[in-house]
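Chain letters run A, B, ... following the sequence lines, proteins first, then strands; residues in each count from 1. Computed from a predicted structure; not experimentally measured.
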Number of protein chains: 2
Amino acid sequence: MDNIEMIKDAMPVDEEIYDLAELFKMLCDATRVKILYSILDSEMSVSDITEIVGSTQSAVSHQLRVLKQARLVKYRKVGKSVLYSVSDEHVATILSMGMEHISE
Amino acid sequence: MDNIEMIKDAMPVDEEIYDLAELFKMLCDATRVKILYSILDSEMSVSDITEIVGSTQSAVSHQLRVLKQARLVKYRKVGKSVLYSVSDEHVATILSMGMEHISE
DNA sequence: AATACATATGAACAGATATTCATATGTTCA
DNA sequence: TGAACATATGAATATCTGTTCATATGTATT
């Protein structure tokens, strides 16, 4: 078996590749990264996130929806507010891996 | 100091955020992810990568340029060929962190 | 019930991005 | 030198993406 075939065999299947790319797609926008940093350690309301991120309420809400669909964030309603937080600790790990890479 | 201010202070500066998003942007396209997997362990020529990835020579070359600009891959010329490989082991780490996340 | 507040959402738009096609550049070998 | 091969590149295009604006939905308070 030649080298090319070996690499082909080791390659994740297409579905995994797409899912992986999809995950990173969530992290490739500065607004979304800021949102995730905002809610990494403690849950935050949309208006607080908006204030922290320095964007508009609408833009933040749209992006939260995207993150929600990707299951990267979870939320609970409290009165008029909705509190968001990251859905699992992998998010923090991936972000800090990335940070480690760029700060060389 | 309230919670919002604390989070704001812990937030990476904009430049870091953008660089981080930029890094993940390199990984948010299936073709680029496949290319990186192709050259994770051993260097490969453009035509071999093209064959492994199952795309066109032109598309692969364009994407290699993008990855090159982001310093995620390095290359050396050997005869008519150009052999590409990943520029550092962080790439593999980030990819496998991502894989770990999606395979839950 | 009326008002104010918090969040979500749809449409529209501008900018970014990946691919394709055609072709240029560069290298080897006869 | 000319032919064949390998890679790079520019232009064009179609698609995708993030923001904005306007407004809808939902909740609490009076």
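Around atom CD of A:Glu15, no more than 12 heavy atoms belonging to other residues, nucleotides or ligands sit under 6.0 Å away.
Between the A:Ser38 side chain and the A:Ile49 main chain, no donor and acceptor come within less than 3.5 Å of each other. Formation of a donor-acceptor pair under 3.5 Å by the B:Arg32 side chain with backbone atoms of B:Lys25 is found in this model. No side-chain donor-acceptor contact under 3.5 Å links A:Ser61 to the backbone of A:Gln57. At least one donor-acceptor pair closer than 3.5 Å links the side chain of A:Ser87 to the backbone N or O of A:Arg71. Between the side chain of B:Ser96 and the backbone N or O of B:Ala92, at least one donor-acceptor pair lies under 3.5 Å.
Contacts of residues 11-50 of chain A with DNA chain C (heavy atom under 4.0 Å): A:Ser45, A:Val46, A:Ser47. Within a heavy-atom distance below 4.0 Å of DNA chain D, the residues of residues 72-82 of chain A found are A:Gly79, A:Lys80.
Rounded to 10°, the angle separating the first-five-pair axis and the last-five-pair axis of the helix from C:dA1-D:dT30 to C:dA30-D:dT1 equals 20°.
Partners of A:Asp14 under the salt bridge (charged side-chain N to carboxylate O under 4.0 Å, His left out) rule, at least two apart in sequence or in another chain, are B:Lys34. Looking at residues two or more places apart in sequence or on another chain, you find no ring-ring contact (aromatic ring centres under 6.0 Å, His included) involving A:Tyr37. With sequence neighbours left out, B:His101 forms a ring-ring contact (aromatic ring centres under 6.0 Å, His included) with A:His90.
Cluster partners of A:Tyr18 are absent, since no Ile, Leu, Val, Met, Phe, Trp or Tyr has side-chain heavy atoms less than 4.5 Å from it. Hydrophobic cluster membership of B:Val78, counting Ile, Leu, Val, Met, Phe, Trp and Tyr whose side-chain heavy atoms lie under 4.5 Å apart directly or via other members: B:Leu83.
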Which pairs, protein N/O on one side and nucleotides 10-14 of chain C N/O on the other, fall under 3.5 Å?
unit_1: C:dG10; atom_1: O6; unit_2: A:His62; atom_2: NE2; d: 2.8

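Where A:Thr56 and B:Leu83 meet DNA chain D, the nucleotide closest to each residue was compared, and B:Leu83 sits on the side nearer the 5' end.
For B:Ser45 and B:Ser47, the side-chain atoms include at least one donor-acceptor pair closer than 3.5 Å.
Here salt bridge (Lys or Arg N to Asp or Glu O under 4.0 Å) pairs that include residues 51-70 of chain A, with residues two or more places apart or in two chains, are A:Glu51-B:Lys8. Applying the ring-ring contact (aromatic ring centres under 6.0 Å, His included) test to every pair with at least one member in residues 50-76 of chain B, sequence neighbours left out, gives these pairs: B:Tyr75-B:Tyr84.
Taking all atoms of both residues into account, the shortest heavy-atom contact from B:Leu23 to B:Ile94 is CD2-CD1, 3.9 Å.
For DNA chain D, the outermost nucleotides in 5' to 3' order that have an atom under 4.0 Å from a heavy atom of chain A are D:dT17 to D:dA28.
Among the atoms of the strands shown, base atoms are found under 4.0 Å from some heavy atom of B:Gln57.
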